[in-house]
Undergrad: 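Following this message is one structure expressed as structure tokens.
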Amino acid sequence: MQEIGTNILVNSICAVASAVATVGLVVFSVFQLLSMRAAVKESAKSRYAQLILSVVTKMRKLEPSLRELRKFSDAEQCANWGDEKNRIAYHVGAELQGVAFLCEKGLIDSGYVIDGFGKDFAESWNKLYLYIRRYRMDSRSEQPRIEKGAEFLKHFESFAIKCAKHFHIQTPT
């Protein structure tokens, strides 16, 4: 009889120890989950801040080329721009495409970029739209307009048009 009582006591102690260990593991798991969520949130904030800073840096580095682009003759004259102006046009378009891609894919707040650099996008599009359409056609792989399937600088085009609408800047059709 005493042996049965001892077994019951041992089993009870083991059950209590197991329950305490399970509760401890659950509490530890919840703590780990909360810690990981906080770390992921901070990591996302850090990534976002790095993206914003890279956009600001890119736009600051692009400013001399944007100033040169503003001096270009009307877009209709793009066939006569020459090698240096074509290089600047391609460079500006490619850099703005990168920023526009981040905005169009929702990786950064497009409102921030529109407020800070939207006029640069709209004005650049107004200078480059014929150059870009000609480039698309010369590549023989694309249509002149994104509505017809053009891919070259498509994010730049669509984002620049959004920027122009925001600032009520007329864009070519």
Side-chain angles (χ1 to χ4, degrees), residues 29-75 78 81-139 141-173:
S29 296
V30 168
F31 175 76
Q32 286 297 98
L33 177 65
L34 294 174
S35 295
M36 286 188 336
R37 285 178 69 192
V40 166
K41 195 173 187 177
E42 288 303 312
S43 176
K45 285 181 180 179
S46 176
R47 179 190 61 83
Y48 188 79
Q50 288 174 339
L51 280 174
I52 291 292
L53 290 175
S54 72
V55 166
V56 170
T57 300
K58 182 177 285 210
M59 294 304 292
R60 283 189 180 149
K61 287 181 181 177
L62 192 58
E63 187 56 39
S65 296
L66 290 170
R67 276 194 302 273
E68 287 300 313
L69 182 66
R70 288 182 195 109
K71 296 176 189 174
F72 284 16
S73 56
D74 289 337
C78 68
W81 280 352
D83 290 343
E84 181 60 18
K85 287 184 177 181
N86 282 328
R87 185 195 64 73
I88 290 170
Y90 186 87
H91 174 68
V92 168
E95 292 297 311
L96 293 179
Q97 166 71 10
V99 174
F101 175 83
L102 295 173
C103 294
E104 293 290 284
K105 296 299 181 179
L107 298 172
I108 60 174
D109 179 20
S110 61
Y112 170 80
V113 176
I114 288 172
D115 289 342
F117 307 106
K119 288 184 179 179
D120 291 327
F121 275 87
E123 292 170 358
S124 296
W125 173 250
N126 284 346
K127 285 287 187 176
L128 296 176
Y129 77 98
L130 284 177
Y131 166 81
I132 292 168
R133 289 178 180 166
R134 193 181 94 225
Y135 189 95
R136 289 170 177 169
M137 292 304 292
D138 288 348
S139 71
S141 63
E142 295 194 63
Q143 296 291 323
R145 299 174 189 267
I146 57 175
E147 305 88 48
K148 295 183 178 183
E151 291 290 322
F152 177 70
L153 301 182
K154 75 177 185 177
H155 297 103
F156 166 51
E157 179 177 352
S158 61
F159 189 69
I161 291 169
K162 288 177 188 174
C163 292
K165 286 178 183 174
H166 179 77
F167 288 104
H168 307 290
I169 296 172
Q170 185 68 32
T171 57
T173 55

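Everything numeric in this text was worked out from a predicted model, so none of it was measured. Along the sequence shown, residues are numbered consecutively beginning with 1.
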Undergrad: Sort out for me which residue in Phe156, Tyr90, Trp81 forms a ring pair (Phe, Tyr, Trp, His ring centres under 6.0 Å) with Tyr135.
TA: Tyr90
Undergrad: Would you indicate whether the side-chain heavy atoms of Arg87 and Asp83 approach each other to under 4.5 Å?
TA: no
Undergrad: A side-chain contact here means heavy atoms from C-beta on lying under 4.5 Å apart; do Tyr48 and Leu107 qualify?
TA: no
Undergrad: Would you say the side chain of Gln97 lies within less than 4.5 Å of the side chain of Glu157, judging by non-hydrogen atoms?
TA: no
Undergrad: Please answer whether the main-chain N or O of Lys127 pairs with a side-chain N or O of Arg70 as donor and acceptor at a distance below 3.5 Å.
TA: no
Undergrad: Taking everything shown except Phe72 itself, do over 12 heavy atoms lie less than 6.0 Å from its CZ?
TA: yes
Undergrad: For Glu42, does its backbone N or O pair with a side-chain atom of Ser46 as donor and acceptor, under 3.5 Å?
TA: no
Undergrad: Leu96 versus Trp125: any side-chain heavy-atom pair under 4.5 Å?
TA: no
Undergrad: Given the rule in the ring pair (Phe, Tyr, Trp, His ring centres under 6.0 Å) test, do Phe101 and Phe159 qualify, once you have shown the distances and angles that lead to the verdict?
TA: CA-CA 8 Å; Phe101 175 83; Phe159 189 69; over 10 Å; no
Undergrad: Please tell me if the side chains of Ser65 and Leu62 come closer than 4.5 Å, counting only heavy atoms from C-beta onward.
TA: yes
Undergrad: Sort out for me which residue in Arg67, Arg60, Lys61 forms a salt bridge (charged side-chain N to carboxylate O under 4.0 Å, His left out) with Glu63.
TA: Arg67
Undergrad: State whether a side-chain donor-acceptor pair under 3.5 Å links Glu104 with Ser110.
TA: no
Undergrad: Donor-acceptor pair, distance only, cut-off 3.5 Å: does the side chain of Ser43 make one with the backbone of Ala39?
TA: no
Undergrad: Do the non-hydrogen side-chain atoms of Phe121 and Ile161 ever get within less than 4.5 Å of each other?
TA: no
Undergrad: Could you walk me through whether Ile132 and Phe152 pass the side-chain contact (heavy atoms from CB on, under 4.5 Å) test, one step at a time?
TA: CA-CA 8 Å; Ile132 292 168; Phe152 177 70; 4.0 Å; yes
Undergrad: Is it the case that more than 12 heavy atoms not belonging to Lys119 sit under 6.0 Å from its NZ atom?
TA: no
Undergrad: Would a distance-only check, ignoring hydrogens and angles, find a side-chain to backbone donor-acceptor pair under 3.5 Å from Ser139 to Arg136?
TA: yes
